[in-house]
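See below for the structure under consideration.
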Protein chains: 2
Amino acid sequence: MSKQLVVLDAASEQACCPPIAEASLDTEHATDMARMFKALGDPIRLRLLSRITSAPGGEICVCDITGDDFNVTGPTISHHLKVLREAGLIDGERRGTWVYYRAVKANMHQLAALLAIDESVALVSA
Amino acid sequence: MSKQLVVLDAASEQACCPPIAEASLDTEHATDMARMFKALGDPIRLRLLSRITSAPGGEICVCDITGDDFNVTGPTISHHLKVLREAGLIDGERRGTWVYYRAVKANMHQLAALLAIDESVALVSA
DNA sequence: CGACTGATTCGACAGTCGTCTAGACAGGGA
DNA sequence: TCCCTGTCTAGACGACTGTCGAATCAGTCG
């Protein structure tokens with residue numbers, strides 16, 4: 001919990017995220033980004049994030065997830081949420097009995113920006 | 001005309017790519033996307049992809065990579081290139097002695113689109 | 001307080017991943 | 001032809017990951 005990776009101060013400053021096509025990633029930056037991509041590299045986590053971001057209000061109660069159609073047990077859901085949290089992609093907050101999660105949109109945006117590629121070139125060169 | 005298709009191969013499987021914030025991912029789609037994200041979840045692979053996409057002409061010769069500043073042996077580079085290739089993120093071609101790789105930009109674009117999020121909200125909520 | 005529900009942590013186990021060395025395959029030039 | 005260089009495959013091994021059941025922590029309500 002004390003160990004979250006926070007790249008969003010960079011995002012707020014816009015020194016943030018040139019597409020990988022524009023400049024070679026340095027090792028340190030690549031490591032941070034890879035940590036986030038790795039967190040997305042599991043179907044369950046991807047669907048969890050989708051659930052969270054597409055929920056009304058942009059947040060969701062864990063009680064609406066656990067025991068769902070993910071075909072895994074509660075602790076496993078909890079584990080995946082923790083991975084997403086430690087990667088800096090979501091943020092959790094306890095409100096009374098329930099825990100709510102929401103996406104850290106700045107970091108999602110940073111990943112998307114990293115993958116930005118000139119579309120027209122894509123057409124030509126492909 | 002220059003803007004539409006883009007997702008060529010992926011498009012043949014299904015309609016391309018609504019952001020995860022707009023609709024919950026179904027299991028099958030999530031599995032496909034997760035496979036690509038997982039391939040990006042390693043610093044070396046991320047830097048390899050960066051090298052490839054940022055190279056002049058959009059492609060790079062393996063001979064310019066192996067034994068580089070990645071601090072791993074040749075076979076390990078080869079392994080990572082294979083992972084990227086099997087994930088559909090890059091494409092390799094042998095031309096005489098050397099092998100050249102280039103990015104499959106359509107799939108990179110698909111990933112970026114999946115992560116698209118309303119930016120203004122991102123800044124506010126961060 | 002004490003019991004109950006929701007969510008996380010702990011410990012274990014099978015499976016996957018990243019890396020290496022050794023060896024195989026492909027193409028070019030003496 | 002034989003060898004040389006470039007790239008990939010095979011096999012092995014330690015480390016990490018995803019999953020579970022059991023135990024624990026956090027809040028709420030009798």
Side-chain angles (χ1 to χ4, degrees), chain A residues 1-5 27 30-49 51-52 55 59-87 89-102, chain B residues 27 30-49 51-52 55 59-102:
Chain A
M1 203 181 283
S2 54
K3 179 123 193 194
Q4 287 203 356
L5 128 91
T27 306
T31 302
D32 285 345
M33 297 297 103
R35 186 162 16 230
M36 288 197 266
F37 279 125
K38 182 150 75 173
L40 294 176
D42 181 288
I44 290 182
R45 290 198 288 266
L46 216 40
R47 289 167 65 205
L48 281 172
L49 187 61
R51 279 278 192 96
I52 292 168
E59 68 177 15
I60 198 173
C61 176
V62 177
C63 61
D64 290 330
I65 298 178
T66 305
D68 229 6
D69 55 354
F70 288 96
N71 273 339
V72 290
T73 61
T76 299
I77 292 288
S78 204
H79 162 73
H80 285 305
L81 288 171
K82 183 181 179 184
V83 171
L84 287 170
R85 205 172 55 231
E86 290 182 341
L89 289 166
I90 63 174
D91 206 3
E93 180 193 358
R94 172 158 228 136
R95 291 210 284 274
T97 303
W98 295 284
V99 176
Y100 293 82
Y101 281 98
R102 90 186 63 201
Chain B
T27 306
T31 302
D32 285 346
M33 297 297 102
R35 186 173 302 128
M36 287 197 266
F37 279 126
K38 183 150 74 172
L40 295 177
D42 182 287
I44 291 182
R45 288 196 292 266
L46 215 41
R47 288 168 65 206
L48 281 172
L49 188 61
R51 280 277 191 96
I52 293 168
E59 68 178 16
I60 199 172
C61 174
V62 178
C63 59
D64 289 330
I65 299 179
T66 305
D68 229 8
D69 56 352
F70 288 97
N71 272 339
V72 290
T73 60
T76 299
I77 292 289
S78 203
H79 162 72
H80 285 305
L81 288 171
K82 182 181 179 186
V83 171
L84 287 170
R85 205 172 55 229
E86 290 181 342
L89 289 166
I90 63 174
D91 206 5
E93 179 194 359
R94 173 158 228 136
R95 292 209 283 274
T97 303
W98 294 284
V99 176
Y100 292 83
Y101 281 98
R102 69 174 162 272

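As a basis for the values below, the full set of heavy atoms in this structure was taken, side chains included, without hydrogen atoms, waters or symmetry mates. Since the structure is predicted, the reported quantities are computational estimates derived from the model, not experimental observations.
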Rounded to whole Å, CG of A:L84 lies from C1' of C:dT8 at a distance of 15 Å
Rounded to whole Å, CG of A:L46 lies from P of D:dG18 at a distance of 13 Å
Nucleotide by nucleotide, nucleotides 16-28 of chain C touches protein heavy atoms under 4.0 Å in the pattern (B base, S sugar-phosphate only, - none) -SSBBBB----SS
When you measure from the side-chain N and O atoms of B:Y100 to the phosphate of D:dT7, is any distance below 4.0 Å, counting only OP1 and OP2? no
With sequence neighbours left out, the residues meeting side chain to side chain contact (heavy atoms under 4.5 Å, CB included) with B:R95 are B:E59, B:E93, B:Y100
Taken to the nearest whole Å, NZ/A:K82 to P/D:dG18 is 13 Å
A:L48 CG to D:dG18 P, in whole Å, measures 12 Å
Sequence neighbours excluded, the answer for side-chain hydrogen bond (donor to acceptor under 3.5 Å, both in side chains) partners of B:H79 is none
From OH of B:Y101 across to P of D:dG6 the rounded distance in Å is 16 Å
A:I60 atom CD1 is separated from C:dG6 atom P, nearest whole Å, by 16 Å
Taken to the nearest whole Å, CD/A:E86 to P/D:dT17 is 11 Å
Those residues at least two apart in sequence (or on a different chain) that pass side chain to side chain contact (heavy atoms under 4.5 Å, CB included) with B:A34 are A:P43, A:L46
Between B:A39 and B:R45, the two heavy atoms sitting closest are O-NE, 2.6 Å
B:T97 meets the side chain to side chain contact (heavy atoms under 4.5 Å, CB included) criterion, sequence neighbours left out, with none
A:I77 CD1 to D:dG18 C1', in whole Å, measures 12 Å
Sequence neighbours excluded, the answer for side chain to side chain contact (heavy atoms under 4.5 Å, CB included) partners of A:P75 is A:T73
